[in-house]
There are 2 protein chains.
Amino acid sequence: MSLLDASLIADVPPFRGIERENLVALLSNARSERYEIGRTIFSQGEAAHSFFLLLDGHIRVVKVTPDGEQVIARYISSGELFGIAQALGLDCYPANAVAAVDCVVLSWPGSLWTTITEKYPTFATNTYRTVGARLQDAQDRIVEMATERVEQRVANAVLKLANQTGRKTDDGILIDFPISRQDISEMTGTTLHTVSRLLSTWENEGLVKSQRKKITVTEGHKLAVIAAGKSDS
Amino acid sequence: MSLLDASLIADVPPFRGIERENLVALLSNARSERYEIGRTIFSQGEAAHSFFLLLDGHIRVVKVTPDGEQVIARYISSGELFGIAQALGLDCYPANAVAAVDCVVLSWPGSLWTTITEKYPTFATNTYRTVGARLQDAQDRIVEMATERVEQRVANAVLKLANQTGRKTDDGILIDFPISRQDISEMTGTTLHTVSRLLSTWENEGLVKSQRKKITVTEGHKLAVIAAGKSDS
DNA sequence: TTTTAAGTTTGTCGAAGCGCAAATCCAAAT
DNA sequence: ATTTGGATTTGCGCTTCGACAAACTTAAAA
């Protein structure tokens, strides 16, 4: 196992406020691993042997339906915990986790969850705040799916990605990991065809630029107007 | 304030496993109140002054969109905590809570949340398990909204209500609180018209019986077939 | 009992967006 | 440089379901 330095996790939200020597102790139980793009970190239904911290990269969390359809539950950015089935009282992972780009991931044995949360109350607090935020997020998405049209939902998804993981470029804000039309359709409950049409339209109107698996938002506020439901012609 | 007996909450899930004398202490800080049907217990956006335990009745938790549309986030049954903004790291309630029938509700000042969770780890554990379950639930609903047609979603919603809160009668399983077509449409992201049409169809086929604000499921498994997506004629 | 309001049913119409299909484009691998 | 497979674009028909409208039913209020 490689040597892990406390600085790795010192200023990562879930571990913020924990003393340096304890960080070292925590890391002594952790395992670091690289996952190249596309590789699966864990699978839906699999026993939750570990929980994870994303040190670098982006992870796609995907739910699969009985008949094979996929729905993207969320994207994980670096500094976030994921696969924390223990925090939800589950003993199997409820979704797949796939590296959206090359990633560096820290993992701990699931059996340590209770020990850690008991020993580090700030970690516990931080974590449960995260779970709370994700619940909020999910509820908001339900409201969105129930009340907004596809066009608005797609605009929203693109905006959210740009805001959360965007990198400023000459053209605007670039979503900094490869994302296909299909991916966006799986985030918004539509088809890749519809997403393609929408992006084409927006590209013609100068709101976005896009190539294969790349999207740059050039006119965020105009997109926001669409997301808000302006049903203009 | 009325006298509250420890037996009130002794076998309610969140408080299970806490010693009797501690229950008494907990109750000394609680307030009991009756809410008649239709009354609002708290409102979306309001400062989260309290958290609640439903002792008897059913509560409807409703999200309101900027343009006034309503989406039912969930129904709370007796024995469940609700309005636990503190557990989610929020300082405002994220939804409205309305009594779906006459209810009896226990409430604690929100300021006690930290004290209580710290003093009673089993309460904390139980609570976070609840939050986890609700997150799961929300994710499942997102998948449903993304992949299933209205007919399936409505069938599912009716089945879930019947299973969770149903009362056996001569005709079948009766959802034991008043629920309108509109309510069901707000649970499933459709219109009351569509729900009405579906229920009419199902009534003709003998799967359900329904009157104003009453639904009885007579053929649960046939409904389940529809929920699963059999697109028969 | 009569009135009133909320809830429900049913019809018609039209649009949003999906399924299917086919052409094209692009990037990586050989 | 060529090949190959995945990703994207675009067209077309069709289904699902929402919007609008109007009649009707039921329960509670006056």
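Naming: A, B, ... by sequence-line order, numbering from 1 per chain.
- The side-chain hydrogen bond (donor to acceptor under 3.5 Å, both in side chains) search around Asp183(A) returns Ser180(A), not counting sequence neighbours.
- Under the side-chain contact (heavy atoms from CB on, under 4.5 Å) criterion, Gln164(B) pairs with Lys160(B), sequence neighbours left out.
- Within residues 181-199 of chain A, the residues approaching DNA chain D are Arg181(A), Leu192(A), His193(A), Ser196(A), Arg197(A), by heavy-atom distance under 4.0 Å.
- Scanning for ring-ring contact (aromatic ring centres under 6.0 Å, His included) contacts around Tyr35(A) gives an empty result, with sequence neighbours left out.
- Of the possible polar contacts, one joining the Arg141(A) side chain to the Ala73(A) backbone as a donor-acceptor pair under 3.5 Å is found.
- The interatomic distance linking Ile179(A) (CD1) with dT8(D) (C1') rounds to 15 Å, in whole Å.
- Under the rule for a ring-ring contact (aromatic ring centres under 6.0 Å, His included), the partners of Tyr75(A) that lie at least two apart in sequence or sit in another chain are Phe177(A).
- Between the C1' atom of dG18(D) and the CZ atom of Arg149(A) lies a distance of 11 Å, rounded to the nearest Å.
- Note on the helix from dT1(C)-dA30(D) to dT30(C)-dA1(D): angle between the axes of the first and last five pairs equals 40°, rounded to 10 degrees.
- Here Asp176(B) pairs with His58(B), Thr165(B), Arg167(B) under the side-chain contact (heavy atoms from CB on, under 4.5 Å) rule; sequence neighbours left out.
- Rounded to the nearest 0.5 angstrom, His221(A) NE2 and Leu207(A) CG are separated by 9.5 Å.
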Side-chain atoms of residues 129-140 of chain A: list all donor-acceptor pairs with protein atoms under 3.5 Å, sequence neighbours left out, distances to 0.1 Å.
from	atom 1	to	atom 2	distance (Å)
Thr130(A)	OG1	Asn126(A)	O	3.1
Arg134(A)	NH2	Leu81(A)	O	2.6
Asp140(A)	OD1	Lys63(B)	NZ	3.2

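- Between the P atom of dG18(D) and the CE atom of Met145(A) lies a distance of 13 Å, rounded to the nearest Å.
- Checking side-chain atoms of Ser210(B) against main-chain N and O of Glu203(B) turns up no donor-acceptor pair under 3.5 Å.
- For DNA chain D, the residues of residues 210-217 of chain A within the heavy-atom distance limit of 4.0 Å (strictly under) are Arg212(A), Lys213(A), sorted by number.
- Under the rule for a side-chain contact (heavy atoms from CB on, under 4.5 Å), the partners of Ser107(B) that lie at least two apart in sequence or sit in another chain are Arg31(B), Ser50(B), Phe52(B).
- One finds no salt bridge joining Arg149(A) and Glu144(A) here, because no Lys/Arg side-chain nitrogen approaches an Asp/Glu carboxylate oxygen to under 4.0 Å.
- Checking side-chain atoms of Arg153(A) against main-chain N and O of Glu148(A) turns up a donor-acceptor pair under 3.5 Å.
- Considering only residues two or more places apart in sequence or on other chains, Thr191(A) meets the side-chain hydrogen bond (donor to acceptor under 3.5 Å, both in side chains) condition with Thr194(A).
- On the nucleic acid side, DNA chain C contacts chain B at distances under 4.0 Å to non-hydrogen atoms, with the end points of that region at dA6(C) to dT12(C).
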